[in-house]
Amino acid sequence: MCFMEQELYKQEQIEWKFLPFPDNSAVLTLFQDPARGLFSILDETCAIKKSTPKDLMSKYKSRATKNDRFYMPKKQKKVLIGVRHFAGDV
(Lines give C-alpha, C1' and ligand atoms only; values in the text may rest on other atoms or scores of the structure.)
Protein backbone atom coordinates (compact mmCIF):
# COMPACT_ATOMS: atom_id res chain seq x y z
CA MET A 1 0.00 0.00 0.00
CA CYS A 2 2.78 2.45 0.86
CA PHE A 3 4.40 1.87 -2.53
CA MET A 4 1.19 2.72 -4.37
CA GLU A 5 0.67 5.88 -2.33
CA GLN A 6 4.21 7.07 -2.99
CA GLU A 7 3.80 6.42 -6.72
CA LEU A 8 0.56 8.43 -6.70
CA TYR A 9 2.35 11.33 -4.99
CA LYS A 10 5.06 11.15 -7.63
CA GLN A 11 2.50 11.22 -10.47
CA GLU A 12 0.67 14.15 -8.91
CA GLN A 13 4.00 15.94 -8.31
CA ILE A 14 3.36 16.24 -4.60
CA GLU A 15 6.50 17.02 -2.65
CA TRP A 16 7.31 13.87 -0.78
CA LYS A 17 10.34 12.25 0.72
CA PHE A 18 10.23 8.64 -0.44
CA LEU A 19 10.48 6.21 2.43
CA PRO A 20 12.29 2.90 2.12
CA PHE A 21 10.29 -0.08 3.27
CA PRO A 22 10.54 -3.82 2.80
CA ASP A 23 8.43 -5.62 0.22
CA ASN A 24 5.74 -7.35 2.26
CA SER A 25 3.86 -8.93 -0.66
CA ALA A 26 4.82 -12.50 0.35
CA VAL A 27 3.13 -12.00 3.72
CA LEU A 28 0.02 -10.59 2.06
CA THR A 29 -0.05 -13.55 -0.30
CA LEU A 30 0.25 -15.90 2.67
CA PHE A 31 -3.02 -14.53 4.03
CA GLN A 32 -4.91 -13.67 0.83
CA ASP A 33 -4.02 -16.30 -1.79
CA PRO A 34 -7.31 -17.88 -2.97
CA ALA A 35 -5.90 -21.44 -3.02
CA ARG A 36 -3.24 -21.53 -0.30
CA GLY A 37 -3.93 -18.45 1.80
CA LEU A 38 -4.58 -18.75 5.51
CA PHE A 39 -7.96 -17.04 5.20
CA SER A 40 -9.20 -19.30 2.39
CA ILE A 41 -8.03 -22.43 4.25
CA LEU A 42 -9.81 -21.20 7.38
CA ASP A 43 -13.02 -20.47 5.44
CA GLU A 44 -12.90 -23.86 3.75
CA THR A 45 -12.37 -25.68 7.04
CA CYS A 46 -15.11 -23.75 8.86
CA ALA A 47 -17.59 -24.64 6.09
CA ILE A 48 -17.31 -28.30 7.09
CA LYS A 49 -19.48 -28.82 10.17
CA LYS A 50 -17.38 -31.53 11.80
CA SER A 51 -14.00 -29.84 11.27
CA THR A 52 -11.71 -29.57 14.25
CA PRO A 53 -8.75 -27.33 15.05
CA LYS A 54 -6.58 -30.36 14.27
CA ASP A 55 -8.09 -30.46 10.75
CA LEU A 56 -7.24 -26.79 10.29
CA MET A 57 -3.65 -27.29 11.43
CA SER A 58 -3.31 -30.26 9.09
CA LYS A 59 -4.50 -28.18 6.13
CA TYR A 60 -2.19 -25.34 7.06
CA LYS A 61 0.71 -27.76 7.25
CA SER A 62 -0.02 -29.34 3.87
CA ARG A 63 -0.87 -26.17 1.92
CA ALA A 64 0.40 -23.01 3.58
CA THR A 65 3.91 -24.29 4.28
CA LYS A 66 4.66 -23.79 0.57
CA ASN A 67 4.97 -20.08 1.40
CA ASP A 68 8.36 -19.43 3.04
CA ARG A 69 6.78 -16.79 5.31
CA PHE A 70 4.71 -19.44 7.10
CA TYR A 71 6.03 -21.80 9.74
CA MET A 72 4.79 -24.20 12.36
CA PRO A 73 7.04 -24.32 15.44
CA LYS A 74 8.43 -27.76 16.22
CA LYS A 75 7.50 -27.51 19.90
CA GLN A 76 3.86 -26.48 19.84
CA LYS A 77 2.97 -25.43 23.35
CA LYS A 78 1.02 -22.21 22.89
CA VAL A 79 2.03 -21.08 19.40
CA LEU A 80 0.58 -23.25 16.67
CA ILE A 81 1.53 -21.23 13.58
CA GLY A 82 3.85 -18.36 12.82
CA VAL A 83 4.51 -15.75 10.16
CA ARG A 84 7.99 -14.57 9.19
CA HIS A 85 7.41 -10.85 8.95
CA PHE A 86 9.95 -8.10 8.23
CA ALA A 87 9.66 -7.14 11.90
CA GLY A 88 10.51 -10.70 12.97
CA ASP A 89 8.66 -13.89 13.61
CA VAL A 90 5.12 -13.33 14.87
Visitor: Within this structure, what is the OH-CG distance for the pair Tyr71 and Leu30, rounded to the nearest 0.5 Å?
Guide: 11.5 Å

Visitor: Could you state the interatomic distance from CD (Glu5) to CD1 (Ile14), rounded to the nearest 0.5 Å?
Guide: 9.0 Å

Visitor: Any donor-acceptor pair under 3.5 Å linking the side chain of Thr45 with the backbone of Leu56?
Guide: no

Visitor: Taking the side chain as every heavy atom from C-beta outward, state whether Glu44 and Arg63 have any atom pair closer than 4.5 Å.
Guide: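 A side-chain contact exists here, since the closest heavy-atom pair is under 4.5 Å.
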
Visitor: Is it the case that the side chain of Asn67 and the backbone of Ala26 share a donor-acceptor pair, with hydrogens and angles ignored and the cut-off at 3.5 Å?
Guide: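 Pair found, side chain donor or acceptor close to backbone of Ala26.
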
Visitor: Between Ser40 and Pro34, which heavy-atom pair has the shortest distance, and what is it?
Guide: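 Smallest heavy-atom distance, with atoms named: OG-O, 3.2 Å.
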
Visitor: Evaluate Val27 against Asn24 for side chain to side chain contact (heavy atoms under 4.5 Å, CB included), listing each step before the verdict.
Guide: CA-CA 6 Å; Val27 174; Asn24 213 20; 3.3 Å; yes

Visitor: With the 4.5 Å side-chain cut-off for hydrophobic clustering, are Val83 and Phe86 part of the same group?
Guide: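 No, it is not one cluster - the side chains of Val83 and Phe86 are not joined through contacts under 4.5 Å.
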
Visitor: Where is the tightest heavy-atom contact between Lys66 and Ser62, given as atom of each residue plus distance?
Guide: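 Smallest heavy-atom distance, with atoms named: NZ-O, 3.4 Å.
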
Visitor: Under the ring-ring contact (aromatic ring centres under 6.0 Å, His included) rule, what pairs show up with a residue in residues 34-58, not counting sequence neighbours?
Guide: Phe31-Phe39

Visitor: Hey, mind stepping through Met57 and Ile81 against side chain to side chain contact (heavy atoms under 4.5 Å, CB included) and telling me if it holds?
Guide: CA-CA 8 Å; Met57 292 300 110; Ile81 64 171; 3.8 Å; yes

Visitor: Answer yes if Tyr60 and Ile48 sit in the same cluster of Ile, Leu, Val, Met, Phe, Trp and Tyr residues linked by side chain heavy atoms under 4.5 Å apart, and no otherwise.
Guide: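 Not linked; separate clusters.
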
Visitor: Would Asp55 and Ser58 count as having a side-chain donor-acceptor pair, cut-off 3.5 Å?
Guide: no

Visitor: If you round to the nearest 0.5 Å, how far is CG of Leu28 from CZ of Arg69?
Guide: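 Between Arg69 CZ and Leu28 CG, I get 10.0 Å after rounding to 0.5 Å.
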
Visitor: Is any side-chain heavy atom of Asp68 less than 4.5 Å from a side-chain heavy atom of Arg84?
Guide: no

Visitor: When you measure from the side chain of Thr65 to the backbone of Phe70, do you find a donor-acceptor pair of N or O atoms at a distance under 3.5 Å?
Guide: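 Flag not set: sc Thr65 to bb Phe70 has no pair under 3.5 Å.
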
Visitor: Could you go through the side chain to side chain contact (heavy atoms under 4.5 Å, CB included) check for Asp89 and His85 one step at a time?
Guide: CA-CA 6 Å; Asp89 290 354; His85 189 263; over 6 Å; no

